[in-house]
There are 2 protein chains.
Amino acid sequence: MAASTVPDIVIGRLPLYLRALTMMSEAGQEYTSSHELGQQLGIGSAQIRKDLSHFGEFGKQGTGYEVNFLKEQLAKILKVDRDWPVALVGFGDLGQAIAHYGGFAAKGFHIQAIFDNDPAKIGQEVNGKQVQDIARLSEIIRQQQIKIAIIAVPAFAAQAVADQLVEAGVKAILNYAPITLKVPEGVRVQYIDPVVHLQWMAYYLE
Amino acid sequence: MAASTVPDIVIGRLPLYLRALTMMSEAGQEYTSSHELGQQLGIGSAQIRKDLSHFGEFGKQGTGYEVNFLKEQLAKILKVDRDWPVALVGFGDLGQAIAHYGGFAAKGFHIQAIFDNDPAKIGQEVNGKQVQDIARLSEIIRQQQIKIAIIAVPAFAAQAVADQLVEAGVKAILNYAPITLKVPEGVRVQYIDPVVHLQWMAYYLE
DNA sequence: TAGATTGTTAATCGATTAACAATC
DNA sequence: TAGATTGTTAATCGATTAACAATC
């Protein structure tokens with residue numbers, strides 16, 4: 001089935017399935033079922049089977065799914081069965097925390113270029129990569145054919161950074177700035193704003 | 001209308017409305033409309049009006065909404081018109097970044113207690129707060145009547161931490177560990193996992 | 001075989017959107 | 001007044017869930 005026909009919300013759950021399968025795999029578990037996966041993720045088993053059915057048939061009646069097989073299939077579907085170079089824009093507290101965080105590289109997202117506009121930060125080194133002047137953003141991103149970027153600049157600067165990234169060919173932006181970005185068709189943005197989550201939960205408190 | 005009847009997904013959008021209104025307010029803007037808010041957030045104007053209608057009537061035909069009024073009403077509805085004490089569990093790289101991040105306190109979420117199990121970290125000071133031994137978690141959270149906690153420990157330790165938090169009376173958990181937590185009815189969990197967002201977007205890349 | 005679990009269909013459920021009377 | 005925009009209704013759209021034949 002063509003990619004465009006799969007609902008985006010289904011795609012969004014695949015990383016969760018993949019995460020659970022990875023844990024099972026690491027624990028040496030060989031088989032699982034839609035029921036067990038659902039239990040672990042707090043999702044209905046029917047939904048998991050329905051989601052997977054968009055991409056093919058991965059299980060066997062009676063026995064369920066082979067953990068490593070399904071894990072590899074999902075990684076392939078999500079295109080995370082390879083390494084992706086990533087650009088990081090912003091080397092303040094947050095940017096530095098992101099640059100030092102090993103979790104991205106562990107999953108194949110390698111921060112290959114870091115940018116800031118502060119002369120005091122330009123030239124600093126992290127994991128063998130020097131912080132570059134943001135003036136060179138377009139040049140470097142084009143040269144390295146980077147398609148994924150992380151924005152970790154203040155809100156007031158985020159849209160301008162996004163515009164530059166898009167212009168340089170970036171197609172996926174993970175935005176830590178608390179502002180909704182305007183991007184053209186074909187460019188994806190995902191948001192990380194912990195304050196939004198806290199405010200959401202505060203509603204339910206006494 | 002009783003809180004329980006408002007869909008959770010509607011509550012989740014209120015922080016976004018509040019964020020946009022705050023920016024408008026800071027820019028000195030006095031009035032806005034559902035259309036303008038929608039433009040700014042990439043949401044339909046009808047949806048915004050529908051969402052707000054769950055809580056009352058906040059606008060005027062012909063003129064729209066008074067920015068500061070709507071902002072204050074939303075803050076009240078979300079219960080973020082006050083300060084909330086927050087506990088942070090885990091003082092590794094991520095926990096330290098969170099502890100130093102000023103964005104939480106700026107929105108009224110004050111980190112009042114920090115916990116770790118590493119003797120080398122216990123006793124360190126951040127913003128005048130000492131990192132406490134996790135053994136004292138229950139005692140301190142009860143004493144300070146903390147209802148909101150942030151989990152920033154490794155995945156393998158997260159469920160045990162969540163259990164302790166719940167047992168101590170925490171009702172809202174912001175979980176940075178890449179694992180789905182099991183919590184009883186009445187306790188809310190929100191997840192921050194940037195890798196999930198990157199994997200989601202990778203699907204759409206060439 | 002008997003038991004378990006898939007993939008899929010159809011029904012249900014809930015959210016989004018369009019349209020418009022009311023009215024500032 | 002004329003123009004603009006609300007709050008709300010009803011229609012549409014899409015996602016979730018239950019149920020079950022197929023089959024390992």
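So that the names make sense, note that chain A is the first sequence line, chain B the second, and so on, each numbered from 1. Below, all heavy atoms of this structure are taken into account, side chains as well, without hydrogens, waters or symmetry copies.
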Between [X] ([atom1]) and [N] ([atom2]), how many Å, whole number?
X      : N       : atom1 : atom2 : value
F58(B) : dT5(D)  : CZ    : C1'   : 17 Å
K60(A) : dT8(C)  : NZ    : C1'   : 20 Å
Q47(A) : dT5(C)  : CD    : C1'   : 18 Å
F55(A) : dG7(C)  : CZ    : C1'   : 15 Å
F69(A) : dT6(C)  : CZ    : P     : 14 Å
H54(A) : dT16(D) : NE2   : C1'   : 12 Å
H35(B) : dT17(C) : NE2   : P     : 15 Å
I11(A) : dG14(D) : CD1   : P     : 16 Å

Check whether any side-chain nitrogen or oxygen of [X] sits under 4.0 Å from OP1 or OP2 of [N], and answer yes or no.
X      : N       : answer
Y65(B) : dG7(D)  : yes
Q61(A) : dA22(D) : no
R49(B) : dT16(C) : no
S34(A) : dT5(C)  : no

Could you pull out the closest heavy-atom pair between [X] and [Y], with the gap in Å?
X       : Y       : result
I11(A)  : P15(A)  : O-CD, 3.0 Å
G90(A)  : D116(A) : C-OD2, 3.7 Å
I146(B) : V170(B) : O-CG2, 3.7 Å

- Using a cut-off of 4.0 Å on non-hydrogen atoms, how would the nucleic acid contact of S45(A) be classed: base, sugar-phosphate, or nothing? nothing
- Using a heavy-atom cut-off of under 4.0 Å over every strand shown, decide if G44(B) touches base, sugar-phosphate, or nothing. nothing
- Message: Within the 4.5 Å heavy-atom criterion, are V196(A) and L16(B) side-chain neighbours or not?
- Response: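 Side chain of V196(A) against side chain of L16(B), heavy atoms only: contact under 4.5 Å found.
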- K107(A) and L18(A): CA distance, side-chain angles, deciding distance, side chain to side chain contact (heavy atoms under 4.5 Å, CB included) verdict: CA-CA 11 Å; K107(A) 297 296 177 183; L18(A) 181 56; over 6 Å; no
Hunt down the Watson-Crick or G-U wobble partner of [N], both distances under 3.5 Å, from any strand shown, or write none.
N       : value
dC13(D) : dG14(C)
dG3(D)  : dC24(C)
dT8(C)  : dA19(D)

- Task: Map T63(B) and T63(A) onto DNA chain D by nearest heavy atom, then report which one ends up closer to the 5' terminus.
- Result: T63(B)
- Item | A46(A) or L52(B), whichever maps to the more 5' nucleotide of DNA chain D | L52(B)
- Nearest to the side chain of K50(A) - dT9(C), dA15(D), dT9(D)? dT9(C)
- Could you check which of dT5(D), dA15(C), dT8(D) has an atom nearest any side-chain atom of S33(B)? dT5(D)
- Is it possible for you to check whether K79(B) lies under 6.0 Å from the centre of the six-membered ring of Y203(A), through NZ or CZ, and within 45° of that ring's axis?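 Relative to the ring axis of Y203(A), which defines the angle, K79(B) lies inside both limits.
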